[in-house]
Amino acid sequence: MDWTLYGEGLQTNAFSTIQNWRFRLENEDLAFSDWEQLGFPAEAVIRLFFNSGKHFGDPALLAELVRIHQGLSAFHAEEESGAYRLTQALMRSFLDKHNQSYDHLTYTAMPIFELFQDHRSFDILLRTQADIVIALICDLIRFELRTLLGEEARMQQHLPAPRKLRQRIYVAIRAIVSCSAFDEHLMLPAHIDHLIGLWQEETRQEDRAISSYLAEETLALTDGIFAQLDPKLGLLMDLSLIPVYVAHDEYLFLRVLQAFEMLFLIVAEGLNECIGLIAAESYSVAAERFHLLNNVLRLSPAIFRILSTMTSATFNGFREYMRGASALQSENYKKIELYAAHPDPGRFRSPSFDSVPRVTREYLQPAFANLQDVVMPLLPGSCPAQDILQPMIAGMQALDSTFVTWKVTHYQIVKAMIGDAPGTSGQTSGTPYLKLMLEMPLFPYLKASLARPAAM
């Protein structure tokens, strides 16, 4: 979408476009077989939300969206094409504040991202999710560069200092290099280290205009990357950022949350695969998988460095409008925990798991098994011989260590941003709650079991 074309006149035209489409839905036989043919005016809706944020959504716009949603609900299940499901997913995020269903999933547009995931195999999922992370970072770079160049009209309130934006672009390009290791087909330009060096130099300078060369080369980098990715990811970027307010750094915040959700999904699905591998006694393959998942989670510092360019002041410019949504509600993160180990009964009955009902329903199924179920029988004194298990155990321990490091870094950043303020979900104490969780390992049974002497 061309977000540079943005103004009051276009806002009026956007609203008229939505009205006209609603009239077609109510009076014509629309085909939902193809997104392009459907012509749903998602761009127009998102333009209007960029003008106010969902928290202050125009009542007239919301009334139109409610009527559209009601019209969509009249279609039969057999007509639920990909375009139809995408439209319904958009409606979940468009109307969440209005119908009081707003939470982490709808805030981060996870129902939309789910339609762009490929679960045919773990290797395919790994690559596609890594590509989405790269696309998210590229999209952020474009947004921040256009802001520096004075060409961006969206979300320009509570602007950070230009030097902060330069620093953000610098660490974001470095993050792309790190993530590219998980897509062997992605080719980065040979001079990318030179480009990173130029942006590093920009972070040391007093505020000044960005050179045309640096701007052109940076845009060429993002354009070149998008040209190598699935074209549908461009559509995903256009449809997946629906802010609650108009503060500039909410754009960064949402893209970082979405990037972490993609990493959590990879780790969760990888752990789920390891359960089957271990049950099938494929210990060496499971060992390789654990080490791979550890490397995926070790991308987190690169993402955290992007997040750390946001100040407490700019974060609190929109945080109050996020109430009701919290990372506590991340389904992918909770899947990681449940696939790894059985939670303490008290914690399982706490708001931490009450906030993810789909995940807890899966856990409570009689056939559910996790890594604790398949690994514990193999620990000291059991067959097979311990030397066969050592690479796998080492992989689990490395992943456990990285997981705890992630929690510590997350706690430190949240503490710097909000101090001891309550969490935005309204269900926890905020940073005091995070501090309690810091030292909880991913595989608590490993240390306890390996500390016991082997049976004679």
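Looking at Ser93, its side chain does come within 3.5 Å of a backbone N or O of Thr106 through a donor-acceptor pair. Listed for the Gln372 side chain is no donor-acceptor partner under 3.5 Å among the backbone atoms of Tyr445. Formation of a donor-acceptor pair under 3.5 Å by the Tyr363 side chain with backbone atoms of Lys335 is not found in this model. Between the Asn20 side chain and the Ser16 main chain, a donor and an acceptor come within less than 3.5 Å of each other. Thr128 contributes a side-chain N or O that, together with a main-chain N or O of Ile124, makes up a donor-acceptor pair within less than 3.5 Å. No donor-acceptor pair closer than 3.5 Å links the side chain of Ser401 to the backbone N or O of Gln397.
In terms of heavy-atom proximity, Leu446 sits nearest to Met396 at CD1-CB, 3.7 Å. Smallest separation of non-hydrogen atoms from Ala398 and Asn294: O-OD1, 3.2 Å. Closest approach of Leu293 and Gly270 over heavy atoms only: CD1-C, 3.6 Å. Heavy atoms only, all atoms of each residue included: Gln258 and Ala109 are closest at NE2-CB, 4.3 Å. Here the closest heavy-atom approach between residue Gln329 and residue Val356 is recorded as O-CG1, 3.5 Å. Residue Phe443 comes nearest to Leu371 through the heavy atom pair CE2-CD1, 3.8 Å, listed as atom of the first residue, atom of the second, then distance.
Between the CG atom of Asp103 and the CE atom of Met110 there is a distance of 11.0 Å, given to the nearest 0.5 Å. Rounded to the nearest 0.5 angstrom, Lys407 NZ and Ser300 OG are separated by 13.0 Å. Of the inter-residue distances, the one linking Gln412 atom CD with Met417 atom CE reads 12.5 Å to the nearest 0.5 angstrom. The CZ atom of Phe304 sits 5.5 Å away from atom OG1 of Thr409, with the distance rounded to the nearest 0.5 Å. Interatomic distance, Glu26 CD to Gln70 CD, rounded to the nearest 0.5 Å: 8.5 Å. A distance of 10.5 Å separates SG of Cys138 from CG of Leu233, quoted to the nearest 0.5 Å.
With a 4.5 Å cut-off on side-chain heavy atoms, Leu72 and Thr87 count as touching. In this structure, the side chains of Glu250 and Leu254 come closer than 4.5 Å at one or more pairs of heavy atoms. Side-chain contact between Leu86 and Leu239 is present, with heavy atoms from C-beta onward closer than 4.5 Å. You'll find the side chain of Leu188 reaches within 4.5 Å of the side chain of Ile225, heavy atoms only. A heavy-atom distance below 4.5 Å is not found between the side chains of Pro243 and Met322. Leu145 is listed as a side-chain neighbour of Leu219, based on a closest heavy-atom distance under 4.5 Å. The closest side-chain heavy-atom distance from Trp199 to Thr218 is below 4.5 Å. At least one side-chain heavy atom of Val296 sits less than 4.5 Å from a side-chain heavy atom of Leu126.
Under a 4.0 Å N-O distance rule, the pair Arg358/Glu362 does not qualify as a salt bridge. Salt-bridge formation is detected for the pair Glu337/Arg347: a Lys NZ or Arg NE/NH1/NH2 atom is positioned less than 4.0 Å from an Asp or Glu carboxylate oxygen. For the pair Asp249 and Arg168, the salt-bridge criterion is met [side-chain N within less than 4.0 Å of a carboxylate O].
With sequence neighbours left out, Thr222 forms a side-chain hydrogen bond (donor to acceptor under 3.5 Å, both in side chains) with Arg142. Listed by chain and number, the residues in a side-chain contact (heavy atoms from CB on, under 4.5 Å) with His98 are Leu62, Val66, Leu95 (sequence neighbours excluded). Applying the side-chain contact (heavy atoms from CB on, under 4.5 Å) criterion to Gln156, with sequence neighbours excluded, gives Phe143, Thr147, Glu152, Leu159, His248. Residues forming a side-chain contact (heavy atoms from CB on, under 4.5 Å) with Asn295 (at least two apart in sequence, or on another chain): Phe182, Arg298.
Ring geometry for Tyr107 against Phe253 counts as tilted: the plane angle lies between 30° and 60°, on a 0 to 90° scale. Between Phe260 and Trp406, the ring planes lie perpendicular to each other; the angle is over 60°, past the 30° to 60° tilted range. Taking the six-membered ring where tryptophan is involved, the planes of Phe40 and Trp21 are perpendicular, since the angle between them exceeds 60° and thus also 30°.
For residues 265-280, every residue pair satisfying the side chain to side chain donor-acceptor pair (under 3.5 Å) rule, not counting sequence neighbours, is listed here: Glu273-Arg289. Applying the salt bridge (Lys or Arg N to Asp or Glu O under 4.0 Å) test to pairs two or more places apart or on separate chains, those with a residue in residues 174-184 are Arg127-Asp183.
Between Tyr245 and Phe49, a ring centre-to-centre spacing not shorter than 6.0 Å is recorded.
In this structure, Phe368 places its CZ atom where more than 12 heavy-atom neighbours from other residues, nucleotides or ligands lie under 6.0 Å away.
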Applying side-chain hydrogen bond (donor to acceptor under 3.5 Å, both in side chains), run through His69 and Asn99 and close with a yes or a no.
CA-CA 12 Å; His69 194 214; Asn99 61 23; 5.4 Å; no
Kindly indicate, with the supporting measurements, whether the criterion side chain to side chain contact (heavy atoms under 4.5 Å, CB included) is fulfilled by Leu364 and Phe348.
CA-CA 11 Å; Leu364 292 172; Phe348 186 70; 3.9 Å; yes
Between Leu271 and Ile275, is a side chain to side chain contact (heavy atoms under 4.5 Å, CB included) present by the stated rule, with each step listed?
CA-CA 6 Å; Leu271 291 180; Ile275 296 168; 5.8 Å; no
Pair Thr314, Thr311 - check side-chain hydrogen bond (donor to acceptor under 3.5 Å, both in side chains), show working.
CA-CA 5 Å; Thr314 56; Thr311 66; 3.1 Å; yes
Begin with the C-alpha distance, continue with both residues' side-chain angles, and end with the deciding distance and a verdict on side-chain hydrogen bond (donor to acceptor under 3.5 Å, both in side chains) for Asn332 and Ser330.
CA-CA 6 Å; Asn332 292 319; Ser330 168; 5.3 Å; no
For a side chain to side chain contact (heavy atoms under 4.5 Å, CB included) check, start with the C-alpha distance between Asp139 and Tyr251, then their side-chain angles and the critical distance, and finish with the verdict.
CA-CA 10 Å; Asp139 179 74; Tyr251 201 107; 2.6 Å; yes
Could you please spell out the steps behind the side chain to side chain contact (heavy atoms under 4.5 Å, CB included) verdict for His158 and Phe318?
CA-CA 9 Å; His158 303 287; Phe318 63 90; over 6 Å; no
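Of the N and O atoms on the side chains of Ser312 and Asn316, at least one donor lies less than 3.5 Å from an acceptor on the other residue.
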